[in-house]
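Computation of the quantities below employed the complete heavy-atom set of this structure, encompassing side-chain atoms and omitting hydrogens, waters and symmetry-equivalent molecules. Not measured: the values here are computed from a predicted model.
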Amino acid sequence: MLSRRAASGRGLAGLLLSGGLALAGAGTATAAPAAQAPAALAGCTTTSGVTVVVDLSHWGRGITTACAAGAPSTGLAALRAVGVSVTGTQRYGTAFVCRLAGLPTAKEDACVDTPPASAYWAYVHASGGAWVSSTLGASSYRPPVGSIEGWAFGSGAAPAVSPGSLAPPPATAPPTVPPTTAPPTVPATTPPATTAPAPTRATTGASTAGVPTAGSSRTPAPTGTPAPNSTPAPDSTGPAAPGTPTSPAAADASAGAAVSPSGGGSGSPSTRPLVAEPAASTSDGSPLPTLVALGAVLALGGAGAVAARRRRRT
Amino acid sequence: MTSVRTPPAASPPAPRLGAAGRSRTLVGQRARALHPLAWWGWALGLATAASRVGNPLLLLLVVAVAGYVVVARRSDAPWARAYGVYLTMGLVVIGLRVVFRALLGGGAGPDDHVLLRLPTVPTPGWLAGVEIGGPVTAEAVLGATYDGMRLAALLCCLGAANALASPRRALKVLPSALYEVGVALVVAVNVAPQLVESVHRVRRAQRLRAGSRGGRHLLRSVAMPVLHDALERSFQLAAAMDSRGYGRSAAVPAARRRTTSALLLAGLVGLCLGLYGLLSVARPGPLELGLLVAGGGLCVAGLRLGGRAVRRTTYRPDPWLAPEWLVVGSGVLAAAVVLVGAERDPLGLAAAVSPLAWPALPLLPALGMLVGVLPAFVAPRPVREVPA
């Protein structure tokens with residue numbers, strides 16, 4: 001407590017931490033099973049929408065998959081778009097994602113400060129058929145359209161479903177021209193991390209180079225798919241401005257990305273959005289305690305002044 | 001013829017002393033300096049309480065309590081005015097934190113209240129997590145203020161201990177195994193106020209002489225006499241200490257000296273590792289506690305071993321009486337109450353930054369911190385120098 005005590009920016013500390021631990025986030029691509037017919041989530045194709053997977057199996061509620069239509073600007077916006085309530089910590093707000101859909105409950109984690117390294121929500125992206133830990137926080141990472149994101153609770157686990165079974169289908173109707181190359185839903189056949197297909201080009205760099213390749217998520221895919229340079233959201237103003245220090249990403253990467261299990265996940269992903277549980281209210285909001293405390297402080301200060309004056313006189 | 005005898009000068013009634021020579025009542029005790037370790041124990045207890053708290057109201061209470069005790073019980077020594085310096089340092093810390101958080105902290109959620117929007121400096125791709133500029137939210141500013149207040153409260157507790165406990169008397173209680181370290185510290189502690197006094201003297205002499213020059217010449221005209229002064233005084237101090245037998249090292253065999261050093265080093269390493277483990281892990285397990293205990297044990301063993309070879313007596317050691325127990329007890333009670341409160345009600349002790357709300361005032365920790373005011377009434381009055 002004494003540990004965290006330097007007055008430097010959190011962003012720099014988060015960067016150094018994430019840079020040092022990005023190596024741990026390299027996931028290995030397993031040979032995912034042959035592409036099954038992907039279930040169509042409403043609104044999600046390879047050129048629009050972001051698939052969001054939330055793994056609640058820690059509490060026995062299975063895995064929920066939903067689609068955030070359009071082009072959500074950040075991972076947090078994607079979560080909100082699918083209707084998952086996000087609660088941050090009391091100290092840092094949503095820079096640290098503490099609760100999703102009300103879990104873990106207030107008894108398990110009071111969400112006052114950073115969640116412990118043994119029980120936190122890990123943020124992963126699908127890349128090359130496997131889950132790769134994110135190197136950026138959910139409020140700074142811009143998911144490319146057609147990508148798949150995952151949230152799993154534990155000490156760095158990944159959702160217990162293979163991203164291959166969740167790949168969105170190509171857009172069948174215009175306006176965007178579907179990719180003419182091999183269908184992007186077969187990550188098993190593509191070698192990992194180099195020629196990543198469009199939906200999984202998010203953070204492939206993280207698995208090859210140890211450099212924080214957050215920038216690669218913004219550059220156009222090397223295969224030059226017609227999917228646009230995904231989220232050209234401007235850097236400055238925006239409802240959820242990016243640039244959070246990568247502390248959640250560091251927390252995600254610290255335990256290393258788990259390899260997605262081969263042999264498809266738990267059945268077909270459900271399409272209904274997660275029920276947004278109401279966030280528990282934490283404070284009443286009356287200024288009375290503040291006034292009482294300030295009164296006590298003023299009383300002590302006045303008594304001290306009186307004592308000092310009496311001392312000076314004698 | 002009656003002899004005129006002047007009545008004896010009225011003196012304050014002597015306090016009643018018990019059979020053991022200790023003052024029996026706390027109210028009528030004579031003026032003396034409290035044992036310095038008692039002040040440090042009280043201050044460390046308050047600091048422990050402040051470090052577990054993020055609530056700004058409780059931190060304000062800690063600072064006010066420490067300030068009142070300092071004003072009520074400080075002596076006239078020059079270091080007793082140090083509390084204001086630490087308070088200023090605390091304010092500087094808060095200011096720095098707010099500035100850094102406003103410039104570098106990003107991550108404004110959609111519900112945050114934006115105070116002003118700074119222009120964003122675009123960062124290259126490899127610095128993607130760092131945002132320079134951007135919107136400055138009330139949550140960020142308040143969060144930085146509360147964090148800074150915690151550090152400022154810690155600084156104020158340390159400042160209170162520095163202002164109340166005489167450093168010279170504190171060095172008297174060092175174990176004899178650390179004797180050489182103690183001598184060096186005593187010399188250092190005496191040098192600093194002497195340097196300040198030398199500088200004042202030299203500046204006064206310069207002002208008396210017309211034509212004092214500033215700028216580059218200031219260094220030569222002030223620094224040289226001060227250094228000369230310091231050197232001369234240190235020679236005098238060394239001669240005086242040597243003639244009184246300070247600095248003599250007993251004939252300790254080399255093997256014992258090596259064993260003592262090894263034990264102390266291993267003990268310190270164990271303590272460091274144990275403290276790190278205790279503070280960094282959310283739920284400290286037996287490993288961290290075991291390291292802490294083992295390190296402490298090794299340190300104590302090393303000190304006992306080193307102290308057995310050397311026999312030094314202390315001249316007029318400070319007594320440890322009931323007021324000392326009460327002072328330390330109040331600090332320990334404050335820390336204990338806050339620790340218990342942290343387990344039972346962590347939300348009340350935290351800073352309500354997100355969502356933004358008026359901070360709550362948990363009753364039990366507040367009362368625990370107010371108990372820290374006890375030394376202002378229980379500790380004996382300091383010895384005042386009678387003005388000439």
Heavy-atom pairs under 4.5 Å with chain B: which of A/A308, A/A303, A/A307, A/P287 has the most? A/P287
Select, from B/G134, B/A350, B/A366, B/A360, the one with the greatest count of heavy-atom pairs under 4.5 Å involving chain A. B/A350
Would you please name every residue forming a ring-ring contact (aromatic ring centres under 6.0 Å, His included) with B/H113, sequence neighbours left out? none
For B/R74, is it the side chain, the backbone, both, or neither that has a heavy atom closer than 4.5 Å to a heavy atom of chain A? both
First locate atom CZ of B/R73, then atom CZ of A/R311, and finally report the distance between them rounded to the nearest 0.5 Å. 9.5 Å
I'd like to verify something: which residue of A/G88, A/A299, A/G304 has the highest number of heavy-atom pairs under 4.5 Å with chain B? A/G304
Segment of B/D345 engaging chain A (4.5 angstrom heavy-atom cut-off): neither
Test side chain to side chain contact (heavy atoms under 4.5 Å, CB included) on A/T290 and B/L361 and set out the steps. CA-CA 7 Å; A/T290 312; B/L361 185 67; over 6 Å; no
For B/Y83, all residues meeting ring-ring contact (aromatic ring centres under 6.0 Å, His included), sequence neighbours excluded: none
Would you please test A/L294 and B/L60 for side chain to side chain contact (heavy atoms under 4.5 Å, CB included) and show each step? CA-CA 8 Å; A/L294 284 180; B/L60 270 181; 3.9 Å; yes
Among B/V114, B/D147, B/V69, B/V65, who wins on heavy-atom pairs under 4.5 Å with chain A? B/D147
